[in-house]
Amino acid sequence: MTKPKVFIARKLSDEVVDKFKESLDITMWEDTDEPVDRDRLLEEAARCDGLVTMLTDQVDKELMAQGERLKIIANMAVGYDNVDVQTATEYGIQVTNTPDVLTETTADLTFALLMATARRLIEANEMIKEGNWKNWSPLFLAGSDVHHKTIGIVGMGRIGEAVARRAKGFGMDILYHNRSRKEEAEKELGASYYSFDALIETADYIVCLAPLSEDTKGIFNQEAFKKMKNSAIFINASRGPLVNENALYQALINGELKAAGLDVFEKEPIDEKHPLLKLDQVVCLPHIGSASVETRKAMMELSLKNVQHVLNGQQAKTPVN
């Protein structure tokens, strides 16, 4: 019996992939770091039954029109704004993602980014490396307290709730804004539902964890930053396009905002000449929210299980459409 053909758009761990080769005819892009060439991806879409894609891969109508055999696109991320889900549905193609397995890891990174920004850890590390630690003074590298401050979480999904649990451990007051009320989270975490404007006006830390959509694109703009406290710290660990980066830069240099920690950007990879990188009060990370060895392997495995299930005529484990 001929095994279904599957293409993986990045070289993944052989330890994970080999377990699926008994039931799937798997081909992988040869590079771990570089995204698959667009022509190669289109070619593979035309001959394969399933694709495992990354956030860097544009899965659009052009690609799906090639895929007469294509039954599943397994996107190895919790987000899927790189996939035209509506077109996939029209073509009868299952789309899946990898929720849950990265929740706690991404929450760890988000809270670590918040703390690193608040306590100026990157500045301190660079000062030592550059040989500039010469003496001590009472306000030497003084940052902002995290404990017993107010955190405002925009986007109270699984990751938002996990960040709130960490904030509770620091004795923080927890505010949140979401498309819908989360009464269970309110009971468990003592979180309070606020409107978007009330949250950004009140919180000491504003943490963006909302999904990218037409409604959320650019919600953190000049008007939003002006409403925040001058002492507020802004953290984005969701998607770059939710933030107008020029407005954020202006708010920081004008003293309308104290600091920012960013794991995601409007255009990725961010250019090393980007003006935000010139500011000491900004901590920038290369989109590593779920980047632990354990979690990335779990994401690989879940993606391939989705492919295996669908191509065996079973229900996908984590369907999007």
Side-chain angles (χ1 to χ4, degrees), residues 9-10 12-13 16 32-33 35 52-57 74-83 96-119 121-122 146 151-167 169-170 174 176-178 185 205-213 216-217 219-220 233-243 245 248 259-270 274 276-277 282-303 318 320:
R10 197 67 66 94
L12 303 183
S13 169
V16 175
T32 303
D33 301 316
V52 177
T53 56
M54 312 294 133
L55 272 177
T56 48
D57 303 318
N75 207 46
M76 205 184 94
V78 66
Y80 43 87
D81 42 274
N82 61 309
V83 181
T96 63
N97 65 341
T98 58
D100 301 329
V101 294
L102 52 67
T103 297
E104 298 298 334
T105 301
T106 305
D108 282 349
L109 186 282
T110 303
F111 211 80
L113 179 57
L114 183 154
M115 294 190 70
T117 307
R119 294 299 305 272
L121 300 188
I122 307 302
V146 174
I151 186 171
I153 300 171
V154 178
M156 197 67 152
R158 296 179 183 90
I159 297 170
E161 290 185 22
V163 169
R165 286 194 292 274
R166 286 152 179 77
F170 279 73
I174 302 164
Y176 79 96
H177 177 73
N178 201 57
Y205 295 90
I206 296 97
V207 181
C208 176
L209 289 166
L212 177 61
S213 68
T216 60
K217 188 174 182 179
I219 56 168
F220 289 100
I233 292 175
F234 175 71
I235 305 295
N236 187 13
S238 57
R239 288 289 182 268
L242 276 77
V243 180
E245 289 173 3
L248 174 59
L262 309 169
D263 186 42
V264 291
F265 303 91
E266 287 184 280
K267 183 180 179 183
E268 297 182 357
I270 187 173
H274 195 293
L276 284 169
L277 300 182
V282 178
V283 176
C284 292
L285 303 177
H287 203 148
I288 56 171
S290 61
S292 73
V293 172
E294 299 92 335
T295 292
R296 287 290 164 85
K297 285 185 176 180
M299 292 167 70
M300 295 173 195
E301 187 153 345
L302 178 55
S303 296
T318 53
V320 169

[Y] backbone acceptor or donor facing [X] side chain under 3.5 Å:
X      : Y      : value
Asp108 : Ala112 : no
Thr318 : Asn97  : yes
Glu266 : Glu245 : yes
Thr98  : Ala77  : yes
Asn82  : Met54  : yes
Asn236 : Arg239 : yes
Thr216 : Pro211 : yes

Interatomic spacing from [atom1] in [X] to [atom2] in [Y] - rounded to 0.5 Å:
X      : Y      : atom1 : atom2 : answer
Asp81  : Leu212 : CG    : CG    : 5.0 Å
Met115 : Ile235 : CE    : CD1   : 11.5 Å
Arg158 : Glu161 : CZ    : CD    : 9.0 Å
Ile206 : Ile233 : CD1   : CD1   : 9.0 Å

Side chains of [X] and [Y]: closer than 4.5 Å at any heavy-atom pair?
X      : Y      : answer
Leu285 : Leu109 : yes
Leu262 : Ile270 : no
Met299 : Leu102 : yes
Met76  : Leu12  : yes
Asn178 : Ile153 : no

Checklist entry - Counting heavy atoms not belonging to Arg119, are there more than 12 under 6.0 Å from its CZ? => result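 No, the 6.0 Å shell around CZ holds no more than 12 heavy atoms from other groups.
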Checklist entry - What do you reckon, is OH of Tyr80 surrounded by more than 12 foreign heavy atoms closer than 6.0 Å? => result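 12 or below, so no.
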Item to check | Stepwise side chain to side chain contact (heavy atoms under 4.5 Å, CB included) check, Leu114 with Thr110 | outcome: CA-CA 6 Å; Leu114 183 154; Thr110 303; 5.9 Å; no
Closest non-hydrogen atom pair between [X] and [Y], with its separation:
X      : Y      : result
Val101 : Ala298 : CB-CB, 4.1 Å
Asp263 : Pro286 : OD1-C, 4.0 Å
Leu209 : Gly155 : CB-O, 3.7 Å
Ser292 : Thr105 : OG-CG2, 3.6 Å
Ser238 : Cys208 : OG-SG, 3.2 Å
Val146 : Ala118 : CG2-CB, 3.8 Å

Checklist entry - ring-ring contact (aromatic ring centres under 6.0 Å, His included) with Phe111: which residues, sequence neighbours excluded? => result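 Applying ring-ring contact (aromatic ring centres under 6.0 Å, His included) to Phe111 gives Phe170.
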Checklist entry - In this structure, which one of Val264, Ile122, Leu113, Leu277 forms a side chain to side chain contact (heavy atoms under 4.5 Å, CB included) with Cys284? => result Leu277
Checklist entry - Between Thr56 and Arg10, is any side-chain donor less than 3.5 angstrom from a side-chain acceptor? => result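 Result is yes, a qualifying pair exists.
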